[in-house]
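Some notes on the structure that comes next.
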Amino acid sequence: MARTPFIAGNWKMHKTVADAEDYIQALLPLVSSIDGVDVAICVPFTDLQAMVDSTRGSRVEVFAQNMHEAEKGAFTGEVTAAMLTEIDVHGVVLGHSERREYYNETDRALAQKLVSALDAGLHPILCVGETEQERERGDTERKLRHQVQEGLERLTAQQIAQITIAYEPIWAIGTGKVATPDQAQEACAFVRALVGDRAADAADVVRVLYGGSVNAANAAELLALADIDGALVGGASLDAETFSQIVAAAVAS
Ligand code: 13P
C-alpha cells in the first residue's frame, strides 16, 4: 500500500510570532508546488493561531507540541485538545522524548492523550525511541514494544489507523549522530509490526516517521527506506530553505 510521505518540522522552543511569520512567508512559496507529500510544522503554543491563519488554504498543516489528556480542570500551564481544534490546529506531537524526560510524561498519560486527541479530531504523532544505553544493552525492541503497546492500549483498530508514529532514537536527537539506514529501517519496521499486532489492517496505513538529526543531506537516503514514511525534523526544520529541501527529498525518494 502506498503511503503519502509526511514531513513534519518540530520547532521545539524556537521562534516568536514575528520569527514564525518571516519563516512561513519564506516556506510557502518553496513548498507550494511540491506535490505528493504532507507537510506540517509543530510550533510553540503562542505561534499556533498566527501559523494557522498564515497557512490557511496552503499545503502546510499546523501541529501543537503537546496537550493535556483531560477535557478541563485544574492543570496550570496545560491546554486541552478542544482548545487546539477551536483555533483549527490540525494535530499534535505526543510523547516527545524531551517531554518524557524533562516533564515526566508517562505511557499511561499518553494512552489517554491519544484518545482525547482523536476524539477531538486532531492528528496525533506519537513519539517513541530508545536511549543510547538501551541500544547498547540490546534493549531497543523491548523499549519500543513497551512504548507502542502502552501508547496504543486504549485505541480501537480504527483509531490506530489514524495516527502517525515517529521513531526517534534519543541518542540521535540534536546530536548530529543519525541512525544508519539499517538501524532506522529495522526499528521502523519493528514499530510497524507492533502496530500490526494490535490492528493488522492499520499496519499498512499507519505512517512511521524517522526523527533524529535528519537534514537536507541525509534525508533522501532515509526516506527511501521501505518502512520509513517521512521524517520528524528538529534543528533542520528551523530554516525554511533547508526544511523545503527535506520536503522535496520525500517526493524524490
Ligand atoms: P533534531 O532533528 O534536531 O535531531 O531533532 C529531532 C527531534 O527531536 C524532532 O522531534
Side-chain angles (χ1 to χ4, degrees), residues 5-15 19-20 23 27 37-45 47-48 51 60-67 89-103 105 110 113-114 117 122-132 134-135 140 143-144 147-148 151 163-181 183-184 187-188 191 207-223 225 228-250 253:
F6 182 25
I7 304 295
N10 178 9
W11 291 0
K12 308 191 179 181
M13 196 172 71
H14 293 277
K15 298 192 191 294
D19 296 336
Y23 175 98
L27 182 71
V37 52
D38 293 338
V39 182
I41 50 173
C42 313
V43 309
F45 287 128
D47 292 339
L48 285 170
M51 290 303 94
V60 177
E61 296 197 330
V62 176
F63 280 46
Q65 299 173 6
N66 179 38
M67 53 163 251
V89 168
H90 296 98
V92 60
V93 177
L94 295 177
H96 191 281
S97 61
E98 288 149 15
R99 294 218 52 89
R100 292 178 187 262
E101 183 181 351
Y102 307 140
Y103 305 101
E105 184 120 58
L110 285 166
K113 286 188 182 198
L114 281 163
L122 289 168
H123 172 182
I125 302 176
L126 173 69
C127 301
V128 298
E130 80 287 1
T131 64
E132 188 151 39
E134 285 163 340
R135 176 161 285 271
T140 299
K143 176 73 169 292
L144 295 178
Q147 289 183 322
V148 173
I163 73 166
T164 293
I165 301 180
Y167 166 65
E168 299 205 305
I170 294 166
W171 47 270
I173 294 178
T175 58
K177 207 161 121 186
V178 68
T180 65
Q183 288 172 328
C188 289
V191 166
R207 287 181 292 189
V208 180
L209 315 183
Y210 168 80
S213 297
V214 174
N215 59 36
N218 62 26
E221 186 178 25
L222 289 161
L223 294 169
L225 297 166
I228 297 185
D229 305 315
L232 186 55
V233 186
S237 75
L238 294 173
D239 177 72
E241 176 82 40
T242 306
F243 186 55
S244 75
Q245 289 167 2
I246 297 170
V247 172
S253 53

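Read the numbers this way: they start at 1 and go in the same order the structure lists the ligands and their atoms.
Using a 30° and 60° split on the angle between ring planes, Phe243 and Tyr23 fall in the tilted class, from 30° to 60°. Relative ring orientation between His123 and Phe63 is described as perpendicular, the plane-to-plane angle rising above 60° on a 0-90° scale split at 30° and 60°.
Numbered from 1 in the order shown, with element, the atoms of ligand 1 that lie under 4.0 Å from a heavy atom of Ser213 read 1 (P), 2 (O), 4 (O). Residue Gly235 has at least one heavy-atom neighbour below 4.0 Å for each of these atoms of ligand 1: 1 (P), 2 (O), 3 (O). Every atom of ligand 1 with a heavy atom of Gly212 under 4.0 Å away is listed here by number and element: 4 (O), 6 (C). Atoms of ligand 1 lying under 4.0 Å from any heavy atom of His96, numbered from 1 in the order shown and given with element: 7 (C), 8 (O), 9 (C), 10 (O). Heavy-atom contacts of Leu232 reach the following atoms of ligand 1: 9 (C), 10 (O) (cutoff under 4.0 Å). If you number the atoms of ligand 1 from 1 as listed, the ones under 4.0 Å from a heavy atom of Gly174 come out as 1 (P), 3 (O), 4 (O).
Without hydrogens or angle criteria, Arg100 side chain to Gly95 main chain gives a donor-acceptor distance under 3.5 Å. Of the possible donor and acceptor atoms, none in the side chain of Glu168 sits under 3.5 Å from a partner among the backbone N and O of Gly129. Checking side-chain atoms of Lys113 against main-chain N and O of Gly151 turns up no donor-acceptor pair under 3.5 Å. At distances below 3.5 Å, at least one donor-acceptor pair connects side-chain atoms of Ser213 with backbone N or O atoms of Ala172.
Heavy-atom distances between Ala172 and ligand 1 reach below 4.0 Å in at least one pair.
Remark: ligand 1 and Glu98 share no N or O pair separated by less than 3.5 Å (distance only, no angle test). Between Val233 and ligand 1, not a single N/O pair is under 3.5 Å apart.
Closest to atom 2 (O) of ligand 1 among all protein heavy atoms lies Gly234 N, 2.9 Å. The single protein non-hydrogen atom nearest to atom 7 (C) of ligand 1 is Glu168 OE2, 3.2 Å, given as residue, atom name and distance.
Separating the CD atom in Glu130 from the CH2 atom in Trp171 is a distance of 6.5 Å, to the nearest 0.5 Å.
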